[in-house]
Amino acid sequence: MDYKATIQLPKTGFSQKANLAQKEPEILIKWEKMGIYKLIEQTRGEQGKYILHDGPPYANGHIHMGHALNKIIKDIINKAKFMAGYEINYIPGWDCHGLPIEHEVDKTLGAKKKGLFPLEIRKRCREYAEKFVQIQRDEFKRLGVFGDWENPYLTMSFDYQASIVREFGKFVEKDSIYRRKKPIQWCFTCRTALAEAEVEYKDHTSPSIYVKFSLTSDISEVLPVLKKEKNISVIIWTTTPWTIPGNLAICVHPDLVYVAVKTKGEVFIMAEGLFKRTMETLGVNDYEVLTTFPGTTLEKLRCRHPFIERDSVLILGGHVTLDTGTGCVHTAPGHGQEDYDVGLTYGLDIYSPVDNEGKFTEDVEFFNGQNVFRANKAVVQKLKETGALLKEEEIVHSYPHCWRCKEPIIFRATEQWFVAMDKNGFRDKALDEVKRVTWIPYWGEDRIYGMVENRPDWCISRQRSWGIPIAVFYCTSCRHPLAKKDIIDKIADRFACEGADAWFARSAEELIPPGITCPMCGGSTFEKETDILDVWFDSGVSWAAVMEGREGVAIPVDLYLEGSDQHRGWFHSALLTGVMTRAKAPYKTVLTHGFVVDGEGKKMSKTLGNVIHPNDVINKFGAEVLRLWVAAEDYREDIRISPEIIQRLSEAYRRFRNTCRFLLGNLDGFNPDRDSVSYNELEEIDRWALHKLQHILSRVIDAYESFEFHKVFYTIHNFCVLDLSAFYLDVLKDRLYCEKTDSRLRRSAQTVLYEILIALTKLFAPVLPFTTEEIWGFLPPKKGGQEKSVHLSRFPSVNPKYIDVELADRWEQLLNIRGEVNQVLEAARRKRDIGSSLEAEVVISGRGKHFELLRDYEVFLPTLFIVSQVSLEEADVVQEDKELEVKVRNASGEKCERCWNYHHSVGENPHHPTICERCLTVLAG
RNA sequence: GGGCCUAUAGCUCAGUUGGUUAGAGCGCACGCCUGAUAAGCGUGAGGUCGAUAGUUCAAAUCUAUCUAGGCCCA
């Protein structure tokens, strides 16, 4: 007789091979047809709403691993929150304006750009952004991310553009916007401002000059040693002589030591650490150090400008270094970033007498009308004439050049718009809000606090085309800027219909309401501002443009979640806009993740050749494995990815898949409504499994709650490997395969397997949406039906009835003994005494607590150890540290052909001489 | 150069308020099984806890410095 046909081996249509790269797109189509996101969105949550507000990626290029990481984390959270009973609503967004897109368009246009109106450039930028929104949307959807992909928010949509302008109007209303000069990088050949990304550094030959500024203050008040000295000067060094006319100050470091050096009747002041080198350069060998003193001594003393009727004041700045020069830094606040910063601190004028074309204005005596670079020579000549020039050389150094015309560029102060950080207690309010928000990890609070605390006023203007115009006008006659909230709101209304292009398409008269006159001069004609807003303002107000006004959604929203670079970026601009216009941060919690780095912890870059693209992983392993990677890594730090890591995870994936497949296979024919065994009727090991399941259930749900997905992964994985595969399921095989199909024993096991499978499937659904959905389709049908998708179901809750701590304690001890038995079995296997553990009889001798426990379970022990027989012998054990002694000998009796256990009853029945009495009973029915 | 962060087996992670011999899974090695089979089971070998110095009876854990790396500034 073929006894194999009489046992119930696992049977399921759920394939062992995942074939994810092919299967995932099919599941995506199924979801699409089902309209799954709409179904989720429409489901009311008994726990209330949970709103994760998407941070908009920039609509440029394909998605990279960082994008994938970010969106997958968000998706895990959304799915888990829904399953935990919340109502969710996820609107993905894109950041569409800004320089990188305009720059790309510029590149394709090349020289043609000059002749194009902003409107035409904007049209091309919009097309460019639209293209990448589509591309990225498809790439995000492929990852299995659920959201309202048909109605995402775009910062360039008309209503969003209108929102930006309205929020800007609120800033104006609060009187926090002002105009001030600020040095920016300027190409006078192209007559345009340049952003950092448009600047190329290459070698350039510049003059290198040493200049003395004679001291006019009486330094002997602070340094009596110099009382007798008359001819004292401060020595500066610069490579841009043309900025000397813009000199307003000389900056020294407060913590550096300075010296007064006497030579040929005059005294030079410079940093101690640089004076020897400098004197050598100047060719002065004969000198004497009169005194040394800290930089602070010099503060507020005054020098005379070498050729302009003006003083140059001595100030302190931390940016002064001993790398080059003299330690006394020529400071022209209109011509350099650091000069500007320190100039602001000392209330200096941001003086920049240079026009669009790089020529000195008529403000500048001697050189007006001259190009600044050509004026270098004239300035040097002038310094020579006045005797201020100590040395002139040439130097080759790295210098910024324009990306388009390749000519060297200059720093030039122009009028810019700013948000005042310290007016009306704005900064302090923002800092208070920082403290009220929950930052995960906690150190995010320190990070952003420090940034807000120390940041300068927010420069919100850009000299660009692709963005939202700063909706102010200038009086044609007196240049007074007209910035009024009611006018701005009117502009916003127009943008809502026509888009921000209206600003460029229409004249000032069309845009400005009739009857407006200049409050300064009464003039009635105006010009439009040509600057646009910083794109951080665009995305910063997304909470207002996207979230506010939605039914049931109010700020602060529950969660913002981005990379840790956004402390400076989006979290920051959202905080400032929220606090300014609504007096609160727009989020309750901010979660940050680290950056994706390679297997060695190095950042991914083309030059290092260590870049892994999401598509590489998806095509080879499936998006599911990428998602598992996101879940398995602790994303609060940098996240490593390498072929090995992905390989490991795809193996872990297979383990989960196989475990579920085994569960499904053993539930073949099981009808939960008809066949379930009540808790009290369950076998004890089955109750143990239920207890364990409750444990992981609460652990996993807690881990989702605290956004610790790697705990989700390890908890489930370890449960599958240790508790299920290596123990429970292995032990269960005999019962499942060999007992009668509908016996209580077998149904008891299946009842629990069913519970476990449902729980595992649901618990892992946020991480592995495709696979769990596939499993969902193979579940034994239940009365009343399951939800159409696992993603429409809710997490199971912990059932207190299933928790039995005493039972768990006993089983913990039994499992420890099982471990010892395994060691002895393995030793016997090495000696070739046995192969399969069923060939063994285990003999345990000893006495005491554990031995008594074994006595209680004597009948069950062969099952527990998966051996054919177990004998217990009460005896004193010789070994000191052991209470029990385990021995193994060959099982007695014959091997049952059906269940493979060895038993003395095999051979006793003449009709079935090769099977044991248990199997005989089963077959007898 | 400054601010914030990270460093535990080949890989991914645990390691409570300092307290026995630093844990787990994977991978690896060796074996078993062939009724989860491109599966399953068992056993085992892997770590100077980035380095150095200190505090302490006692340090992976606290302090300082350094090294390597990440983000943001300059």
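Both backbone and side-chain heavy atoms feed into the values below; hydrogens, waters and symmetry mates do not. Chain letters run A, B, ... following the sequence lines, proteins first and then strands; every chain starts at 1.
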Any side-chain N or O of [X] under 4.0 Å from OP1/OP2 of [N]?
X: A/R640; N: B/G70; value: no
X: A/K603; N: B/G70; value: no
X: A/R568; N: B/G3; value: no
X: A/Y737; N: B/A36; value: yes
X: A/R654; N: B/G27; value: no
X: A/Q16; N: B/A38; value: yes
X: A/H717; N: B/A24; value: no

Using atom [atom1] of [X] as one end and atom [atom2] of [N] as the other, report the distance to the nearest whole Å.
X: A/N718; N: B/U12; atom1: CG; atom2: P; answer: 17 Å
X: A/W443; N: B/G3; atom1: CH2; atom2: P; answer: 16 Å
X: A/R699; N: B/G25; atom1: CZ; atom2: P; answer: 14 Å
X: A/I866; N: B/C33; atom1: CD1; atom2: C1'; answer: 12 Å
X: A/F656; N: B/C26; atom1: CZ; atom2: C1'; answer: 17 Å
X: A/R829; N: B/U34; atom1: CZ; atom2: P; answer: 12 Å
X: A/N658; N: B/A38; atom1: CG; atom2: P; answer: 9 Å
X: A/I7; N: B/U34; atom1: CD1; atom2: C1'; answer: 12 Å

*asked:* Would the base of B/C71 count as contacting A/R447 through its side chain, where contact means a donor and an acceptor less than 3.5 Å apart?
replied: yes
*Indicate, yes or no, whether a donor-acceptor pair under 3.5 Å links the base of B/A36 to the side chain of A/K733.*
yes
*Let me know, please, whether A/Q566 or A/Y635 comes out on the 5' side of the other along RNA chain B by nearest nucleotide.*
A/Y635
*asked:* If you assign A/R661 and A/K711 each to the RNA chain B nucleotide with the nearest heavy atom, which residue ends up on the more 5' nucleotide?
replied: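 First, find each residue's nearest nucleotide; the 5'-ward one identifies A/K711.
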Nearest of [options] to any side-chain atom of [X]?
X: A/E633; options: B/U12, B/C71, B/G27; value: B/U12
X: A/R830; options: B/G27, B/C30, B/G10; value: B/C30
X: A/S564; options: B/U34, B/A36, B/C71; value: B/C71
X: A/E651; options: B/C26, B/C72, B/C41; value: B/C26
X: A/R648; options: B/G10, B/A38, B/A14; value: B/G10
X: A/Y714; options: B/C13, B/C11, B/C72; value: B/C13

Taking [X] for the side chain and [Y] for the main chain, is one N or O donor matched with an acceptor at less than 3.5 Å?
X: A/H710; Y: A/D634; result: no
X: A/D339; Y: A/H335; result: no
X: A/R829; Y: A/G835; result: yes

Decide yes or no for [X] and [Y]: does some side-chain heavy atom of the first lie under 4.5 Å from some side-chain heavy atom of the second?
X: A/F595; Y: A/M604; value: no
X: A/W629; Y: A/I639; value: yes
X: A/L20; Y: A/Y653; value: yes

If you look at every strand shown and take non-hydrogen atoms under 4.0 Å, does [X] touch a base, only sugar-phosphate, or nothing?
X: A/G665; result: nothing
X: A/E897; result: base
X: A/R657; result: nothing
X: A/E338; result: sugar-phosphate
X: A/G835; result: sugar-phosphate

Considering only atom [atom1], compute the distance from [N] to [M] and round it to an integer number of Å.
N: B/G46; M: B/A9; atom1: P; value: 15 Å
N: B/G10; M: B/U65; atom1: C1'; value: 31 Å
N: B/G47; M: B/A51; atom1: P; value: 14 Å
N: B/G23; M: B/C49; atom1: C1'; value: 12 Å
N: B/U8; M: B/A14; atom1: P; value: 11 Å
N: B/U43; M: B/C62; atom1: C1'; value: 40 Å
N: B/C41; M: B/G35; atom1: P; value: 16 Å
N: B/G19; M: B/A59; atom1: P; value: 10 Å

_Is it the case that the side chains of A/T6 and A/R898 hold a donor-acceptor pair, with the cut-off being a distance below 3.5 Å and no angle test?_
yes
*Verify whether one side chain among A/E708 and A/S706 offers a donor that lies under 3.5 Å from an acceptor in the other.*
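Yes, side-chain donor-acceptor contact under 3.5 Å.
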*Which ones in residues 719-729 of chain A lie close to RNA chain B, meaning a heavy atom under 4.0 Å from one of its atoms?*
A/V721, A/L722, A/S725, A/A726
_Carboxylate-amine/guanidinium proximity below 4.0 Å for A/E739 and A/R918_ =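 Yes.
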_Glycosidic conformation of B/G31, taking syn as within 90° of 0 and anti otherwise_ =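 In terms of base orientation relative to the sugar, B/G31 is anti.
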For residues 861-869 of chain A, which side-chain N or O atoms pair as donor and acceptor with protein atoms under 3.5 Å away, sequence neighbours left out?
| unit_1 | atom_1 | unit_2 | atom_2 | d |
| --- | --- | --- | --- | --- |
| A/S868 | OG | A/L838 | O | 2.6 |
| A/S868 | OG | A/Y902 | N | 2.7 |
| A/Q869 | OE1 | A/S892 | N | 2.9 |
| A/Q869 | OE1 | A/S892 | OG | 3.3 |
| A/Q869 | NE2 | A/S892 | O | 3.0 |
| A/Q869 | NE2 | A/Y902 | O | 3.1 |

*Duplex segments of RNA chain B, taken as runs of at least three Watson-Crick or G-U pairs that stay under 3.5 Å*: B:1-7 with B:67-73, B:10-13 with B:23-26, B:28-32 with B:40-44, B:50-54 with B:62-66
*Considering residues, nucleotides and ligands other than A/K603, do more than 12 of their heavy atoms fall under 6.0 Å from its NZ?*
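Counting other residues, nucleotides and ligands, NZ of A/K603 stays at 12 neighbours or fewer.
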_Least distance between heavy atoms, A/L745 atom then A/R735 atom_ = O-NH1, 2.9 Å
_A/Y714 six-ring face occupied by A/R699 cation (under 6.0 Å, within 45°)_ = no
*Can A/F595 be classed as stacking with the base of B/G70, given a centroid separation cut-off of 5.5 Å and a plane angle cut-off of 30°?*
no
